[in-house]
Participant: 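Please find one structure pasted underneath; my questions will follow.
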Amino acid sequence: MFAALSEKHEHKKVLPDLEGAENGVVMRFAPNPSGPLHIGHARAAALNDAYIKQYGGRYILRIEDTDPKRVDPEAYEMVVEDLKWLSLAITDTVTQSDRLHLYYALCTQLIERNGAYVCTCDNEQFKVLKNKKIACPCRDQSLETNLVLWDKMLTHGFKEGEASVRIKTDLNNPDPAMRDFPAFRILDAPAHPKVIAHVYPLMNFSVVADDHLLGVTHVIRGKDHIANTRRQRYIYDHFGWKVPVYRHYGRMGIEGVVLSTSQMRLGINDGTYTGWDDIRLGTLRALARRGISPDAVKNAMLAIGIGDTDISFSWDNLYSENKKIVDPVANRYFFVPDPVTARIEGAQPHTAHAMLHPSDASRGTRTLEFTGTVLIPKNEVLPEVTMLRLKDLFNVKISWDNGMPTFTYAGDSLADARAAKAHIVQWLPAQATVPCTILTQEGEMSGACEPAVRSELGKVIQFERVGFVKIDGVGDDGVVAYFTHK
RNA sequence: GCUGCUAUAGUGUAGUCCGGCCAAUCAUGCGAGCCUCUCACGCUCGCGACUGGGGUUCGAAUCCCCAUAGCAGCACCA
């Protein structure tokens, strides 16, 4: 029965074919190590992953840490952890700061091929010339001069801002962004956490160098890189290298969570957020903490696909994917929000057996001992309510006197409760409860839950009539849970 | 401003290349009902879209033009 059900869930999302991928692909995911990965990264990571699984090949994780200003030493580890959580088919990992010597050597070659020059112009001055489509004086230097200056750059003969390497492009290109863009620059500070360096490549150079060196065949990235792709083509042409196949997907707007690394870091430092996995953040670790499964994230991203249109990310769709994964496995428990104590008159002690999962009897039941007094949700005890069904136990009649309710045993018959249209509510024996707080993105919900919930630490369970929740902490003072979704 | 990309229901997506089989797919969401000792899951039914205007054509979501809107880039960031 379960097999039949889950088959219906196999909406195998078919991504469009990649041109020239028949014999396998080499693709890469190339994050900047400035913080942990967030949902935005997950799209590129999942798309690449899906194509590699479809065509076979290698999946390279390339850490792009060529800007020491934007490197968080802790991020190297976090990125790897996050990708591991997503369980991607990564086959190789390279770090660009380990490869500076390769870029330097290629730069020398590029100068020798007359594809680049060392520019010692003032930056502002260059910009003025560039906008007027005029070559700067450095552009026509001899090969020898360029090589001498390049060597001077590498041997600390220049300070930050005094020299850079520029790629020769077409100064008449109508797009000013294409004209003689920089490939290397000098940075005196800050120091790079992984390597001692003075000359750093800009991404357009290091990306081309690595894509070529690593044999990357297909590149899937956001459309914010379209201009870079055009720039990078100049470098491929200078070297005579084969250009990979590119796909650029549209921008994905994500509402409801904080995504900017700098903003997150600020908030963590000033105590606004508890850490990188604070559930108000859009990091993968925050999603994990909330009980979102990595497969749900991947499925949601594949469903979005690689369209060029700008889209807005839908939490509903993610939650729906997650529910498909979580609903069959999550055990059910009672959580009583904002509980009131009710003494039930005229009831004998009862033992209730409630199923751990409604469609899987083999998991067994939880046992709740009724001895006279229960906790029930306050919002179910309203003046117009005269009968409630305590789920898996019995019916209770409520009589009101001066606004004070009295609860009386009203039989075991479920049919009676149905006939009376009584709400079937979750409840707890007053003598066996654990305080429980559910943290949601909006705030917290406090109440009590079954003691057995303690054994579900780290798991996603469903609190009946409340929603799915991940048990985050279990201590003497109770249970802390994170709200996943309805 | 310059350069370029895009435009299908609330959201995502299929169809657009090679015009007819599209009174437009699937999912999600929402509504109603069934099932059910959860307001979950499952099932049934329903709601809801081709940005606008011209043109080409026997015929246009699909091709062309214009308009509008959104986005990206124009960094010694990635």
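Chain A is the first sequence line, chain B the second, and so forth, proteins listed ahead of strands; every chain is numbered from 1. These numbers were taken from a predicted model, which means no experiment stands behind them. The figures here come from the full heavy-atom set of this structure, side chains too, leaving out hydrogens, waters and symmetry mates.
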Participant: From B:C41, B:U6, B:A72, pick the nucleotide closest to the side chain of A:Asp224?
Facilitator: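 Nearest to the side-chain atoms of A:Asp224, counting from C-beta on, is B:A72.
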
Participant: Using the P atom as the reference point in each nucleotide, state the distance between B:G42 and B:G54 in Å, no decimals.
Facilitator: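 The same atom, P, in both gives a distance of 46 Å.
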
Participant: On a whole-Å scale, what distance lies between the P atoms belonging to B:U44 and B:C17?
Facilitator: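 Between the two P atoms, the distance is 34 Å.
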
Participant: Would you kindly give the CD-to-C1' distance between A:Gln125 and B:C76, to the nearest whole Å?
Facilitator: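 Between C1' of B:C76 and CD of A:Gln125: 15 Å.
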
Participant: I'd like to check A:Trp315 versus A:Val257 (side-chain heavy atoms, cut-off strictly below 4.5 Å). Are they in contact?
Facilitator: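 Yes, at least one pair of side-chain atoms sits under 4.5 Å.
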
Participant: Atom CG of A:Leu390 to atom P of B:U38: distance rounded to whole Å?
Facilitator: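 The answer, rounded to whole Å, is 14 Å.
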
Participant: Report which part of the nucleic acid A:Asn123 touches: base, sugar-phosphate, or nothing (heavy-atom distance under 4.0 Å, all strands).
Facilitator: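 Answer is base: heavy atoms of A:Asn123 come under 4.0 Å of a base.
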
Participant: Within 45° of the six-membered ring axis of A:Phe313 and under 6.0 Å from that ring's centre, is NZ or CZ of A:Arg43 located there?
Facilitator: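 No - A:Arg43 does not lie over the ring of A:Phe313 by the 6.0 Å and 45° rule.
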
Participant: Which listed nucleotide (B:C77, B:U13, B:U3) is nearest to the side chain of A:Asp175?
Facilitator: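 Nearest to the side-chain atoms of A:Asp175, counting from C-beta on, is B:U3.
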
Participant: Among the candidates B:C76, B:C41, B:C74, find the nucleotide nearest to the side-chain atoms of A:Leu202.
Facilitator: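 Nearest to the side-chain atoms of A:Leu202, counting from C-beta on, is B:C76.
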
Participant: When A:Phe184 is tested against each of A:Tyr117, A:Trp150, A:Tyr103 for ring pair (Phe, Tyr, Trp, His ring centres under 6.0 Å), which residue passes?
Facilitator: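 Passing option: A:Trp150.
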
Participant: Quick check for you: to the nearest 0.5 Å, what is the distance between A:Asp295 atom CG and A:Ile292 atom CD1?
Facilitator: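 Between A:Asp295 CG and A:Ile292 CD1, I get 12.5 Å after rounding to 0.5 Å.
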
Participant: Could you state the CE-P distance from A:Met178 to B:A75, rounded to the nearest angstrom?
Facilitator: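 The distance from CE of A:Met178 to P of B:A75 comes to 11 Å, rounded to the nearest Å.
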
Participant: Starting from the 5' end of RNA chain B, give me the residue, A:Glu160 or A:Asp392, whose nearest nucleotide shows up first.
Facilitator: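 So the residue in question is A:Asp392.
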
Participant: Is the charged tip of A:Arg166 near the ring of A:Phe126: under 6.0 Å from the six-membered ring centre and within 45° of its axis?
Facilitator: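 Here A:Arg166 passes the 6.0 Å and 45° test against A:Phe126.
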
Participant: Between A:Val469 and A:Ile461, is any pair of side-chain heavy atoms under 4.5 Å apart?
Facilitator: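 Yes. Closest side-chain heavy atoms under 4.5 Å.
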
Participant: Does A:Phe158 have A:Lys152 sitting over its ring (NZ/CZ under 6.0 Å from centre, angle to axis within 45°)?
Facilitator: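 Yes, a cation-pi geometry.
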
Participant: Is any side-chain N or O of A:Arg251 under 3.5 Å from a base N or O of B:C71, one able to act as donor and the other as acceptor?
Facilitator: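 No, no donor-acceptor pair under 3.5 Å.
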
Participant: Could you say whether A:Asp308 or A:Arg389 is positioned toward the 5' end of RNA chain B, judged by the nucleotide with the nearest heavy atom to each?
Facilitator: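 It is A:Asp308 whose nearest nucleotide is closer to the 5' end.
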
Participant: With a non-hydrogen cut-off below 4.0 angstrom, is A:Gly161 in contact with a base, only sugar-phosphate, or nothing?
Facilitator: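 Counting heavy atoms under 4.0 Å across all strands, the contact made by A:Gly161 includes a base.
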
Participant: Take atom P in B:A27 and the same atom in B:G53, then report the distance between them in whole Å.
Facilitator: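 Their P atoms lie roughly 31 Å apart.
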
Participant: Roughly, in whole Å, what's the span from CZ in A:Arg221 to C1' in B:C71?
Facilitator: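 To the nearest whole Å, that distance equals 17 Å.
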
Participant: Please list, chain by chain and in numerical order, all residues satisfying side chain to side chain contact (heavy atoms under 4.5 Å, CB included) with A:Asn32, sequence neighbours excluded.
Facilitator: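 Testing A:Asn32 for side chain to side chain contact (heavy atoms under 4.5 Å, CB included), a comparison that skips the adjacent residues, returns A:Ser34, A:Arg70.
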
Participant: Measure from the side chain of A:Ser164, starting at C-beta and using heavy atoms only, and say which of B:C37, B:U28, B:C76 lies closest.
Facilitator: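 So the nucleotide nearest the side chain must be B:C76.
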
Participant: Counting only side-chain heavy atoms from C-beta out, which of B:A78, B:U11, B:U13 sits nearest to A:Asn228?
Facilitator: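 Side chain of A:Asn228 sits closest to B:A78.
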
Participant: Measure from NE2 on A:His423 to C1' on B:U36 and round the result to the nearest Å.
Facilitator: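 Value for this atom pair: 15 Å.
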
Participant: Using whole Å, report how far CD1 of A:Ile424 lies from C1' of B:C37.
Facilitator: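 Between C1' of B:C37 and CD1 of A:Ile424: 4 Å.
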
Participant: Is A:Leu318 close to A:His485 at the side-chain level, that is, under 4.5 Å between some pair of heavy atoms?
Facilitator: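 No, their side chains stay 4.5 Å or more apart.
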
Participant: With a cut-off of less than 4.0 Å, is there a side-chain N or O of A:Ser34 near OP1 or OP2 of B:A78?
Facilitator: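 No, no such contact exists.
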
Participant: Can you build the contact string for nucleotides 63-70 of chain B? Use B for base contact, S for sugar-phosphate-only contact, and - for no protein heavy atom under 4.0 Å.
Facilitator: -------B

Participant: What nucleotide among B:G12, B:C76, B:G73 has an atom nearest to a side-chain atom of A:Pro182?
Facilitator: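 Selected nucleotide (nearest to the side chain): B:C76.
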
Participant: Is a donor-acceptor contact shorter than 3.5 angstrom present between the side chain of A:Glu321 and the base of B:U28?
Facilitator: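 By the distance-only test, no, there is no pair.
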
Participant: What stems, by residue range, does RNA chain B take part in, given at least 3 consecutive Watson-Crick or G-U pairs under 3.5 Å?
Facilitator: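 Stems found: B:1-7 with B:68-74, B:10-12 with B:26-28, B:29-34 with B:42-47, B:51-55 with B:63-67.
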
Participant: Does A:Arg185 place a side-chain N or O at less than 4.0 Å from the phosphate oxygens OP1/OP2 of B:A78?
Facilitator: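 Indeed, a polar side-chain atom of A:Arg185 lies that close.
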
Participant: Write down the distance separating the P atoms in B:C30 and B:A72, rounded off to the nearest Å.
Facilitator: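 About 30 Å, rounded to a whole number of Å.
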
Participant: When you get a sec, tell me which of B:C77, B:G29, B:A40 is the closest nucleotide to the side chain of A:Arg70?
Facilitator: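 My answer, after comparing the listed nucleotides, is B:C77.
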
Participant: For A:Lys323 and B:C41, is the shortest distance between a side-chain N/O and OP1 or OP2 below 4.0 Å?
Facilitator: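 Checking B:C41 against A:Lys323, a side-chain N or O does come within under 4.0 Å of OP1 or OP2.
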
Participant: Taking the C1' atom of each, how far is B:G15 from B:A23, in whole Å?
Facilitator: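 15 Å, rounded to whole Å.
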
Participant: Measure CZ/A:Phe468 against P/B:U38 and give the value in whole Å, please.
Facilitator: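 From A:Phe468 CZ to B:U38 P: 14 Å.
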
Participant: Roughly how far apart, to the nearest Å, are B:U16 and B:C21 at atom C1'?
Facilitator: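 One C1' to the other, the span is 16 Å.
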
Participant: Taking the side chain of A:Arg418 as heavy atoms from C-beta outward, which of B:C76, B:C37, B:U8 is closest to it?
Facilitator: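 Looking only at side-chain atoms, A:Arg418 lies closest to B:C37.
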
Participant: Once you round it to whole Å, what is the distance between P of B:C41 and CZ of A:Arg332?
Facilitator: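 Computing the A:Arg332:CZ to B:C41:P distance gives 9 Å.
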
Participant: Does the side chain of A:Asn317 get closer than 4.0 angstrom to OP1 or OP2 of B:A27 through an N or O atom?
Facilitator: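 For B:A27, OP1/OP2 do not have a side-chain N/O of A:Asn317 under 4.0 Å.
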
Participant: Just do the side-chain contact (heavy atoms from CB on, under 4.5 Å) check on A:Leu356 and A:Arg366 with the steps written out, would you?
Facilitator: CA-CA 6 Å; A:Leu356 275 169; A:Arg366 312 102 70 181; 3.6 Å; yes

Participant: Between B:C76, B:U11, B:G4, which nucleotide has the shortest distance from any of its atoms to the side chain of A:Arg230?
Facilitator: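 Of B:C76, B:U11, B:G4, B:G4 is nearest to the side chain of A:Arg230.
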
Participant: So, for A:His350 and A:Phe394, is the gap between ring centers shorter than 6.0 Å?
Facilitator: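 A:His350 vs A:Phe394: aromatic centres under 6.0 Å.
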
Participant: Report yes or no: does A:Arg179 contribute a side-chain atom to a donor-acceptor pair with the main-chain N or O of A:Ala177 at less than 3.5 Å?
Facilitator: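 It does not hold such a pair.
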
Participant: Please tell me which of the listed nucleotides, B:C37, B:C77, B:A27, lies nearest to the side chain of A:Lys324?
Facilitator: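 So the nucleotide nearest the side chain must be B:A27.
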
